[in-house]
Amino acid sequence: ERLQPAQHKEGGERRDGAAGHVAQAMHADLLHHVLTAHHQAGEKIAMAAKDGLKIAVVGAGNVGATAAQYAAELDLGDVVLTDVVEGLPQGKALDLACCAPIERFDARITGTSDYRDIAGSEVVVVTAGVPRKPGQSRDDLIQINVGIVKSVCEKIREFAPDSHVIVVSNPLDAMVY
């Protein structure tokens with residue numbers, strides 16, 4: 001099943017109002033499908049690994065925090081939430097860890113701005129990038145986010161070279177091409 005972005009009257013993607021919520025819902029749906037598939041594969045890997053998987057999420061914004069929470073709630077393994085904004089991933093990780101007793105998961109969630117902490121991750125979910133601003137063209141967004149995703153991929157290659165990488169940064173089609 002193919003997800004389609006919400007369309008603006010002129011044919012461009014909308015990110016404001018209800019359409020913005022549609023786009024967020026599409027990201028959440030995509031993450032659900034991808035992480036569920038990795039969960040099924042991860043169950044097999046986790047049975048072989050004594051301590052389960054290590055999952056890194058690069059980008060601690062709304063999509064990244066949601067991915068980290070979902071991975072933790074599925075008990076896929078320990079989650080490392082990484083972002084270049086110092087304090088953001090640490091705070092989000094603390095917030096998510098507070099959910100553990102209520103949601104009944106025991107995954108350890110840590111926040112960091114140091115890519116060395118993703119070392120040993122079997123799965124890395126890349127959500128890093130800037131959101132599209134009102135009036136900003138898709139081409140402008142591509143120019144910014146290509147640089148961010150390239151930089152993140154270089155860090156992944158350095159610190160988690162054997163990981164499976166899932167990219168959900170916008171614009172998604174350009175980031176995964």
Side-chain angles (χ1 to χ4, degrees), residues 1-6 15 18 20-131 148-149 152-153 155-156 159-160 162-170 172 175-176:
E1 138 185 21
R2 187 159 185 210
L3 302 175
Q4 296 295 323
R15 293 285 183 244
H21 293 291
V22 170
Q24 285 181 329
M26 287 173 39
H27 268 126
D29 192 44
L30 176 64
L31 282 171
H32 169 77
H33 290 300
V34 168
L35 289 176
T36 300
H38 273 23
H39 172 65
Q40 292 165 350
E43 285 177 336
K44 294 175 187 169
I45 297 169
M47 283 187 247
K50 190 174 186 176
D51 297 321
L53 295 174
K54 180 176 180 181
I55 299 120
V57 178
V58 181
N62 291 332
V63 175
T66 302
Q69 181 178 1
Y70 192 69
E73 287 177 357
L74 287 175
D75 260 334
L76 296 178
D78 293 335
V79 179
V80 177
L81 188 56
T82 308
D83 201 288
V84 295
V85 178
E86 187 64 46
L88 179 66
Q90 293 88 342
K92 294 249 179 141
L94 284 172
D95 289 344
L96 294 173
C98 289
C99 298
I102 297 164
E103 296 296 329
R104 297 181 182 199
F105 63 84
D106 62 0
R108 185 177 33 177
I109 303 171
T110 55
T112 183
S113 292
D114 187 348
Y115 277 96
R116 287 180 281 206
D117 294 328
I118 73 168
S121 295
E122 285 88 1
V123 177
V124 179
V125 181
V126 179
T127 67
V130 298
I148 292 170
V149 171
V152 167
C153 289
K155 295 293 187 180
I156 293 169
F159 295 108
D162 297 324
S163 64
H164 297 276
V165 180
I166 304 167
V167 179
V168 291
S169 298
N170 272 321
L172 184 61
M175 295 303 111
V176 298

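Quick caveat, the model's predicted, so the values are computed rather than measured.
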Quiz prompt | Shortest non-hydrogen contact from Ile55 toward Leu76 | solution = CD1-CB, 3.5 Å
Self-check item: Atom of Gly111, atom of Ala93 and distance for their closest heavy-atom approach
Solution: N-CB, 3.4 Å
Exercise. Could you tell me whether the side chain of Ser169 and the main chain of Ala128 form a donor-acceptor pair under 3.5 Å?
Key: yes
Quiz item: If only atom types and distance count, is the side chain of Gln90 paired as donor or acceptor with the main-chain N or O of Gly87 below 3.5 Å?
Solution: yes
Quiz item: Does any non-hydrogen side-chain atom of Thr82 lie less than 4.5 Å from one of Pro89?
Solution: no
Quiz item: How close do Ser121 and Ile118 get, heavy atom to heavy atom, and via which atoms?
Solution: OG-O, 2.7 Å
Quiz item: Are any of the side-chain heavy atoms of Ser113 and Val85 separated by less than 4.5 Å?
Solution: no
Quiz prompt | Heavy-atom pair of closest approach, residues Tyr115 and Val152 | solution = OH-CG2, 3.4 Å
Quiz item: Atom OG1 of Thr127 and atom CG of Asn170: how far apart are they, to the nearest 0.5 Å?
Solution: 10.5 Å
Quiz item: What pairs of residues pass the side chain to side chain donor-acceptor pair (under 3.5 Å) test when at least one of them lies in residues 94-109, not counting sequence neighbours?
Solution: Asp78-Arg108
Exercise. Indicate yes or no: at least one non-hydrogen side-chain atom of Val58 is less than 4.5 angstrom from one of Val124.
Key: yes
Exercise. Identify the two heavy atoms, one from Gly61 and one from Asp83, that lie closest to each other, and give their separation to 0.1 Å.
Key: N-OD2, 4.2 Å
Quiz prompt | Side-chain heavy atoms of Val126 within contact of Ile156, under 4.5 Å | solution = yes
Quiz item: Can you name the side chain to side chain donor-acceptor pair (under 3.5 Å) partners of Thr110, sequence neighbours left out?
Solution: none
Quiz item: Which atom names give the shortest non-hydrogen contact between Lys54 and Asp117, and what distance separates them?
Solution: NZ-O, 2.9 Å
Quiz item: Does a side-chain heavy-atom distance below 4.5 Å link Leu94 with Cys98?
Solution: no
Quiz item: Is there side-chain contact between Leu81 and Thr112, with heavy atoms separated by less than 4.5 Å?
Solution: no
